[in-house]
K.L.:
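Take this structure, written in structure tokens, and hold onto it; I'll ask about it next.
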Amino acid sequence: MKNGNEQGCVRVGVDTGGTFTDFVFHAGGRARIFKVPSTPDDPSRAIVEGLRRAAREAGVGLRDLEVVHGTTVGTNALLERRGARAALVTTAGFEDVLVIGRQARGSLYDLGWTRPAPLVDERLRFGLRERVAADGSVVEALDEAEVASLVRRLRRAGVESVAVCLLFSFARPEHERRVERALAAALEGVPLSVSHRILPEYREFERTSTVTINAYLQPLMGSYLGRLGAHVAAGRLRVMQSSGGSISARGAAAEPVRTILSGPAGGVVGATRAAAEAGFEDLITFDMGGTSTDVALCPGARLRLTNEASVAGLPVAVPVLDIHTVGAGGGSIARVDAGGSLRVGPQSAGAVPGPACYGRSALPTVTDANLVLGRFGGADLLGGEFKLDEGRAAESLSALAREMSAAGGREVSAVEAALGVVRVVNAGMERALRAVSVERGFDPRGCTLVTFGGAGGLHAAELARALRVPRVFVPGEPGALSARGCLRADVVKSLSRTLMLEVGGGDRAQGDGAQSRIERAFGEMERAARAALRREGFADERQRHTPSVAARYRGQSFELEVAWEGGRRLVERFHAEHERRYGYAQTAGTIEVVSARLLSAGLVGEQGAGGRRRRAPAAGAAAAPHATARVHFDEGARTLAVYRREELPAGARLRVPCVVTEYSSTTLVPAGARAALDARGNLVIEL
């Protein structure tokens, strides 16, 4: 891979959504975007169709494209339990760790809650008599005859992939390596997921869960990327990782667990880059698409990572962006439940059959509600390429209104039903925004809400007012920002190592050579990361390596991540971070460094960063609207100005309230706000 600098190579960012698949590329000195309907049965079909169009418009061949792809294949496979017939090989006595898990309940007060079933059936969980102690010493040697017996049992079981996770293998991986060699030689074509390669950290349940998820997804992701890679030149297909960086297609096929939040990650990367370039720092990103809404808190316009994520009720301990997701999107279906209450989502009409206004169903959705309320400003989607059926949308909301009338005992109109749908879906999204800000002790009143996704602009201002967020930032081409984020994401490698070292007080890590051991671990990881990034075309000067440690007070169960600066002020900074996060610090307590972590990045060029600058008008000029539209609100209907964003010059002030239409999205600006475009064409709404 030449990172987009090779002569004739055109870089394309691709994001697969529930309704549309988005494409962004640069040609002729400017960014170009377009969308094609997603193909949920096989997402690669929509991608190949879009890549062919991109190649035609860029005037190059299909194999001259370099593709960075945000995918939901792994996420959907986990949610729908469509993964491989996987086996788990572990230390004897630990075969049921996936079932035992931890005592914490997923829903504390739900008496009917049941733990998600393990991904590996009981008959496919195999224990080997071997034992490595926590300090890395061998308690019981691995028996080669038992390994040979294991191979025969796996062959008879007809497994499609194997996870290998032996006890304390992160401290001494020798036994795992021997099992790996034996299985690789005997089970040709069966992918292996080995814990000391994927997650060499302690916590047996989380480590086993992560490695098992990887094995469960390997055959599916490998097949999918193989189909897609057949249309892209070797080495020119990359996949977004959940951590906000990209990885080679080969790497993604080998470690698909790193891609399970691939789709939302591109959006957060794009949002933080665009907002930082515009001068905004403390951000809450709000990505509302066709099926779900993803929100994230980004203080200082920085990506926040966590190693404590859960997907489909299963723990994932590799680094992922700290994103909160709710089942609310433009395609979320509205219905009246058995108790007579209006519900919206999490079921979605998706791309097929889609909302009623797409002309293929009678399902009332959030998109249909916004259309009935006039909030699209009389415009169709995708610059007129995608026609909306207002009559069918009205029929679907009228049917919902009749259900609401029967349940509530009073007559409800289609407009009232549509307003109810918007209120309900907004309430769910507001809870998500509060979960990542207020509930974590972060005051949203000092933040900027960065909205993107095809549906985000219609709801962002109202949500910002509910949380008293003073400003909404709408980047250029917001409906394709996730694809743009994929294009701008660095190539990232995440390495970690469990250490379990106590550090003393004062200014430096102390005790039994703790600092030298930490430095040695970082040195080994950085050498490995540098070599891997060089193989992908990044010289040392185009690399960035960020070390951190996961630390805790002795006796605590979970850690805080603190930047590593050669041991300087580690203790002081840990106390400060603990007090900021939890409200107190045990300054007399002993601190334990649990793991060393290294985030290494190959820095991708800023091709097209910031978008096309627009000609600035005279200072204070107010833009003339393109048209007007009748829009319904809770307080009644009123006539709003309608603007075409592509016709607005930089610096233009808008008459509010108004609707701003564009190819990829529509934005509703409420009364009482101020709205203008900045020098890069970003829409800034002050509330």
Side-chain angles (χ1 to χ4, degrees), residues 84-102 118-155 157 159-187 190-218 254-258 307 314-318 495-500 521 524-525 528 594-596:
R85 177 179 169 82
L88 170 63
V89 177
T90 186
T91 300
F94 288 80
E95 296 91 340
D96 294 327
V97 69
L98 294 176
V99 181
I100 297 169
R102 295 197 179 274
L119 297 178
V120 179
D121 184 83
E122 181 180 8
R123 294 167 295 180
L124 296 179
R125 301 197 293 263
F126 303 96
L128 288 174
R129 287 196 303 273
E130 65 83 40
R131 180 63 66 95
V132 171
D135 62 2
S137 61
V138 176
V139 177
E140 183 175 359
L142 180 67
D143 187 339
E144 296 295 342
E146 191 174 9
V147 174
S149 174
L150 169 69
V151 168
R152 292 192 293 271
R153 294 166 70 189
L154 288 172
R155 278 177 170 166
V159 297
E160 298 172 318
S161 65
V162 180
V164 182
C165 190
L166 302 183
L167 189 65
F168 294 117
S169 60
F170 56 85
R172 188 185 186 111
E174 175 188 335
H175 288 181
E176 271 197 358
R177 288 179 179 142
R178 288 163 59 187
V179 173
E180 180 186 17
R181 286 195 295 269
L183 296 183
L187 303 177
V190 175
L192 305 178
S193 298
V194 186
S195 72
H196 76 270
R197 299 186 187 280
I198 295 172
L199 187 65
E201 294 194 30
Y202 95 123
R203 286 203 175 93
E204 204 61 25
F205 171 50
E206 287 79 6
R207 185 162 62 101
T208 306
S209 174
T210 302
V211 176
T212 300
I213 289 171
N214 197 76
Y216 187 73
L217 298 177
Q218 266 184 308
E255 298 190 7
V257 71
R258 298 189 185 276
N307 290 69
L314 305 171
V316 179
V318 293
L495 301 176
S496 63
R497 186 169 300 178
T498 289
L499 298 174
M500 292 297 187
E524 292 170 357
M525 289 189 290
V594 175
S595 299

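Below, each value reflects all heavy atoms present in this structure, side chains not excepted, and no hydrogens, waters or symmetry copies.
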K.L.:
Just checking, any donor-acceptor pair under 3.5 angstrom between side chains of Glu95 and Thr90?
P.N.:
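Side chains of Glu95 and Thr90: no pair found under 3.5 Å.
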
K.L.:
Supply the atom-to-atom distance Asn307 CG to Leu199 CG, rounded to the nearest 0.5 angstrom.
P.N.:
8.0 Å

K.L.:
Take atom CZ in Arg102; do more than 12 heavy atoms of anything else shown fall under 6.0 Å from it?
P.N.:
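Yes, enclosed.
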
K.L.:
What residue pairs, at least two apart or across chains, pass salt bridge (charged side-chain N to carboxylate O under 4.0 Å, His left out) with a residue in residues 190-202?
P.N.:
Glu180-Arg197, Glu201-Arg597

K.L.:
Once rounded to the nearest 0.5 Å, what's the spacing between atom CG of Leu192 and atom CG of Leu187?
P.N.:
7.0 Å

K.L.:
Which atom names give the shortest non-hydrogen contact between Val97 and Phe205, and what distance separates them?
P.N.:
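Answer, listing the atom of Val97 first, then Phe205: O-CD1, 3.5 Å.
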
K.L.:
Quick check against the 3.5 Å criterion: does Arg155 have a side-chain atom that pairs as donor or acceptor with the backbone of Ala186?
P.N.:
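Yes, because the side chain of Arg155 sits within donor-acceptor range (under 3.5 Å) of the backbone of Ala186.
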
K.L.:
Spell out, as yes or no, whether a donor-acceptor pair under 3.5 Å connects the side chain of Glu176 to the backbone of His196.
P.N.:
yes

K.L.:
Keeping Asp135 on the side-chain end and Ala171 on the backbone end, is there a donor-acceptor pair under 3.5 Å?
P.N.:
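Checking the backbone N and O of Ala171 against the side chain of Asp135, no donor-acceptor pair under 3.5 Å is found.
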
K.L.:
Would Leu128 and Val89 count as a side chain to side chain contact (heavy atoms under 4.5 Å, CB included) here? Give the steps.
P.N.:
CA-CA 7 Å; Leu128 288 174; Val89 177; 3.7 Å; yes

K.L.:
Supply the atom-to-atom distance Thr212 OG1 to Ile198 CD1, rounded to the nearest 0.5 angstrom.
P.N.:
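It comes to 9.5 Å.
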
K.L.:
Which heavy-atom pair separates Ala182 from Val151 by the least distance, and what is that distance?
P.N.:
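Distance-wise, the nearest heavy atoms are O-CG2, 4.3 Å.
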
K.L.:
Minimum heavy-atom separation for Leu314 and Ile213, please, with both atom names.
P.N.:
CB-CD1, 3.9 Å

K.L.:
Checking Glu524 now: which residues fulfil salt bridge (Lys or Arg N to Asp or Glu O under 4.0 Å) with it, not counting sequence neighbours?
P.N.:
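Residues passing salt bridge (Lys or Arg N to Asp or Glu O under 4.0 Å) with Glu524: Arg497.
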
K.L.:
Mind listing the closest non-hydrogen atom pair of Val132 and Phe168 along with its distance?
P.N.:
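Minimum heavy-atom contact is O-CD1, 3.1 Å.
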
K.L.:
Could you please spell out the steps behind the side chain to side chain contact (heavy atoms under 4.5 Å, CB included) verdict for Ser209 and Val316?
P.N.:
CA-CA 7 Å; Ser209 174; Val316 179; 5.8 Å; no

K.L.:
CD of Glu144: more than 12 outside heavy atoms within 6.0 angstrom?
P.N.:
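It does: Glu144 CD has more than 12 such atoms within range.
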
K.L.:
Thr91 and side-chain contact (heavy atoms from CB on, under 4.5 Å): which single residue from Arg131, Glu140, His175, Arg129 fits?
P.N.:
Arg131

K.L.:
Does Ser161 reach the main-chain N or O of Gln218 with its side chain, forming a donor-acceptor pair under 3.5 Å?
P.N.:
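Side chain of Ser161 to backbone of Gln218: no pair is present.
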
K.L.:
Set out, in order, the CA-CA distance, both residues' side-chain angles and the distance that settles side chain to side chain contact (heavy atoms under 4.5 Å, CB included) for Val162 and Val190, then state yes or no.
P.N.:
CA-CA 7 Å; Val162 180; Val190 175; 4.1 Å; yes

K.L.:
Please round to the nearest 0.5 Å and tell me the distance separating atom CD of Glu146 and atom CZ of Arg153.
P.N.:
8.0 Å

K.L.:
So, the side chain of Ser195 versus the backbone of Cys165: is there a donor-acceptor pair under 3.5 Å, distance only?
P.N.:
no

K.L.:
Taking Arg85 for the side chain and Ala157 for the main chain, is one N or O donor matched with an acceptor at less than 3.5 Å?
P.N.:
yes

K.L.:
Using 0.5 Å steps for rounding, measure from the CZ atom of Phe170 to the OG1 atom of Thr498.
P.N.:
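Between Phe170 CZ and Thr498 OG1, I get 5.0 Å after rounding to 0.5 Å.
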
K.L.:
At what distance, to the nearest 0.5 angstrom, does CZ of Arg125 lie from CG of Leu119?
P.N.:
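These two atoms lie 10.5 Å from each other.
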
K.L.:
Among residues at least two apart in sequence or on other chains, which ones pass side chain to side chain donor-acceptor pair (under 3.5 Å) with Glu255?
P.N.:
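In terms of side chain to side chain donor-acceptor pair (under 3.5 Å), with neighbours along the sequence ignored, Glu255 is linked to Arg258.
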
K.L.:
Where do Leu142 and Arg178 come nearest, in terms of heavy atoms and distance?
P.N.:
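Minimum heavy-atom separation between Leu142 and Arg178: O-NH2, 3.3 Å.
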
K.L.:
With sequence neighbours excluded, tell me which residues meet salt bridge (Lys or Arg N to Asp or Glu O under 4.0 Å) with Glu160.
P.N.:
none

K.L.:
Checking the side chain of Thr210 only, and the main-chain atoms of Ala317 only, is there a donor and an acceptor separated by less than 3.5 Å?
P.N.:
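Such a contact is found between Thr210 side chain and Ala317 backbone.
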
K.L.:
If you look at every heavy atom in Asn214 and Ser193, which pair is closest and at what distance?
P.N.:
ND2-OG, 2.8 Å

K.L.:
Excluding sequence neighbours, so at least two apart, what forms side chain to side chain contact (heavy atoms under 4.5 Å, CB included) with Ala528?
P.N.:
Leu495

K.L.:
With Phe126, which residues qualify under ring-ring contact (aromatic ring centres under 6.0 Å, His included), at least two apart?
P.N.:
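Scan of Phe126 (ring-ring contact (aromatic ring centres under 6.0 Å, His included), adjacent residues dropped) gives none.
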
K.L.:
Before accepting this row, confirm whether a basic side-chain N of the pair Arg207/Glu204 lies closer than 4.0 Å to the acidic partner's carboxylate O.
P.N.:
yes

